[in-house]
Amino acid sequence: MIRIQEAIIVEGRYDVNKLKQLVDTIVIETGGFSIFNNREKLQLIRRIAEQRGILILTDSDGAGFVIRNYLKGALPKEQVRHAYIPQIAGKERRKNKGSKEGTLGVEGVPDSVILDSLYRAGVTVMGETVPRARQITKADFYEWGLSGGQGSAERRKKLLQAMQLPSHMTANALLEFINAVADPAQIEELLKSIDG
């Protein structure tokens, strides 16, 4: 178990249970979309973000991105870090059927995947920030033909498919996700495989 400074925001109580087995920190449940109408919980999250920082860890499905984007807009940017889990096909054992998008949520992915996503987000472990790898920039996206050029939307769509990510991700959300789960060399290799 690792001890981290940032509090972690997750969607549901099963996500809380999972995280409490892996990290020693405050873990707050949004209650899914109910966070949109829960001013008291949002106020609590703001206070905690101000004191120790917040790390948002939602599912990698459409609903998870809606919740993440809501919190992203409601909290000061400098107080928030983002951890992403990859889209992994499957369903949680406790459920009779899988999610709408057929992927595992935070509660269903292996522990190592969650820990890796926390480290990649640059969490503060026992008072020391884990260094982040070189960040991929918008300039990289432009150079790779993923933004700002003719056919960039189509190329980005192919990359989203190759990474098994939701097709509705914006270029900025994709950039944020890639920086949380990959390094430039990995993305360049993936782009080569897309180009065939």
Side-chain angles (χ1 to χ4, degrees), residues 1-49 51-75 79-126 130 160 163-169 173-174 176-182:
M1 181 176 288
I2 61 168
R3 183 174 183 184
I4 66 171
Q5 176 181 313
E6 294 84 2
I8 301 176
I9 308 295
V10 294
E11 292 179 55
R13 70 176 184 258
Y14 292 100
D15 300 333
V16 172
N17 294 342
K18 173 90 169 192
L19 267 291
K20 284 295 195 179
Q21 296 171 33
L22 302 174
V23 294
D24 178 11
T25 192
I26 298 168
V27 182
I28 302 169
E29 168 195 352
T30 66
F33 291 148
S34 70
I35 189 66
F36 301 150
N37 300 314
N38 192 333
R39 292 184 188 273
E40 290 176 3
K41 186 169 279 186
L42 185 57
Q43 195 60 29
L44 171 69
I45 291 170
R46 284 182 175 138
R47 287 183 60 206
I48 292 171
Q51 294 170 356
R52 59 190 298 161
I54 292 287
L55 183 107
I56 300 174
L57 179 65
T58 57
D59 296 349
S60 289
D61 60 7
F65 277 93
V66 169
I67 294 167
R68 178 184 298 275
N69 287 332
Y70 171 75
L71 291 171
K72 190 175 174 180
L75 299 167
Q79 296 171 356
V80 179
R81 292 182 187 230
H82 295 272
Y84 293 88
I85 58 170
Q87 283 196 313
I88 301 171
K91 75 169 191 64
E92 283 78 15
R93 277 186 254 151
R94 70 175 179 84
K95 295 181 178 176
N96 292 330
K97 64 178 192 170
S99 69
K100 181 179 175 184
E101 295 180 23
T103 57
L104 295 174
V106 169
E107 73 173 276
V109 299
D111 296 353
S112 60
V113 171
I114 290 178
L115 291 172
D116 185 54
S117 72
L118 297 179
Y119 286 120
R120 286 181 172 277
V123 295
T124 306
V125 179
M126 296 177 65
V130 176
L160 287 168
M163 295 183 76
Q164 298 178 322
L165 293 172
S167 59
H168 54 266
M169 284 182 82
L174 175 61
E176 194 173 85
F177 177 84
I178 285 174
N179 275 317
V181 301

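The figures that follow rest on heavy atoms only: side chains count, while hydrogens, waters and symmetry mates do not.
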(request) Search all heavy atoms of L118 against all heavy atoms of A83 and return the closest pair with its distance. (result) CD2-CB, 4.2 Å
(request) Could you check if a side-chain atom of Y119 sits within less than 4.5 angstrom of a side-chain atom of V125, using non-hydrogen atoms only? (result) yes
(request) Decide yes or no on side chain to side chain contact (heavy atoms under 4.5 Å, CB included) for I45 and I54, but give the supporting numbers first. (result) CA-CA 8 Å; I45 291 170; I54 292 287; 4.1 Å; yes
(message) Quick check: closest heavy atoms across A7 and I48, and the distance to 0.1 Å?
(response) CB-CG2, 3.5 Å
(message) Give me the atom names and distance for the closest heavy-atom approach of L104 to G90.
(response) CD2-C, 3.6 Å
(message) As an exercise, state the distance from CD1 of I67 to CZ of F36, rounded to the nearest 0.5 Å.
(response) 5.5 Å
(request) Ignoring hydrogens and angles, tell me if any N or O in the side chain of R46 forms a donor-acceptor pair with the backbone of A74 under 3.5 Å. (result) yes
(message) Between D15 and E107 (side chain of the first, backbone of the second, donor and acceptor by atom type, cut-off under 3.5 Å), is there such a pair?
(response) yes
(message) Any non-hydrogen side-chain atom of V10 less than 4.5 Å from a side-chain atom of V27?
(response) yes
(request) For K72 and H82, indicate whether the former's side chain and the latter's backbone hold a donor-acceptor pair under 3.5 Å. (result) no
(message) Working note: I4 + D24, criterion side chain to side chain contact (heavy atoms under 4.5 Å, CB included); need CA distance, chi angles, decisive distance, verdict.
(response) CA-CA 6 Å; I4 66 171; D24 178 11; over 6 Å; no
(request) Quickly, which of T103, I114, D116 forms a side-chain contact (heavy atoms from CB on, under 4.5 Å) with V109? Name it, please. (result) I114
(request) Go through the steps to decide whether D111 and K18 satisfy the test side chain to side chain contact (heavy atoms under 4.5 Å, CB included), and finish with yes or no. (result) CA-CA 8 Å; D111 296 353; K18 173 90 169 192; 3.0 Å; yes
(message) I'd like to know if the side chain of Q87 reaches the main chain of S60, judged simply by a donor and an acceptor atom lying under 3.5 Å from each other, with no hydrogens or angles considered.
(response) yes
(request) For the pair E11 (side chain) and G31 (backbone), establish whether a donor and an acceptor sit closer than 3.5 Å, ignoring hydrogens and angles. (result) no
(message) Within this structure, what is the CD1-CG distance for the pair I28 and L19, rounded to the nearest 0.5 Å?
(response) 11.5 Å
(message) Tell me whether R68 contacts the main-chain N or O of I56 through its side chain, where contact means a donor paired with an acceptor under 3.5 Å.
(response) yes
(request) Determine, stepwise, if the pair T25 / Q5 fulfils side-chain hydrogen bond (donor to acceptor under 3.5 Å, both in side chains). (result) CA-CA 7 Å; T25 192; Q5 176 181 313; over 6 Å; no
(message) Please check: side-chain N/O of N69 versus main-chain N/O of F65, any donor-acceptor pairing under 3.5 Å?
(response) yes
(request) Spell out, as yes or no, whether a donor-acceptor pair under 3.5 Å connects the side chain of D59 to the backbone of V106. (result) yes
(message) If I compare all heavy atoms of L55 with all of A121, which pair ends up nearest, and what's the gap?
(response) CD1-CB, 3.6 Å
(request) Inspect the contact between E6 and R81 and indicate whether a charged nitrogen and a carboxylate oxygen are less than 4.0 angstrom apart. (result) yes
(request) Start with the C-alpha distance between Y84 and T58, add both sets of side-chain angles, then the distance that settles side chain to side chain contact (heavy atoms under 4.5 Å, CB included), and finish with yes or no. (result) CA-CA 7 Å; Y84 293 88; T58 57; over 6 Å; no
(request) Working to the nearest 0.5 Å, report the span between CD1 of I35 and CD1 of I9. (result) 7.5 Å
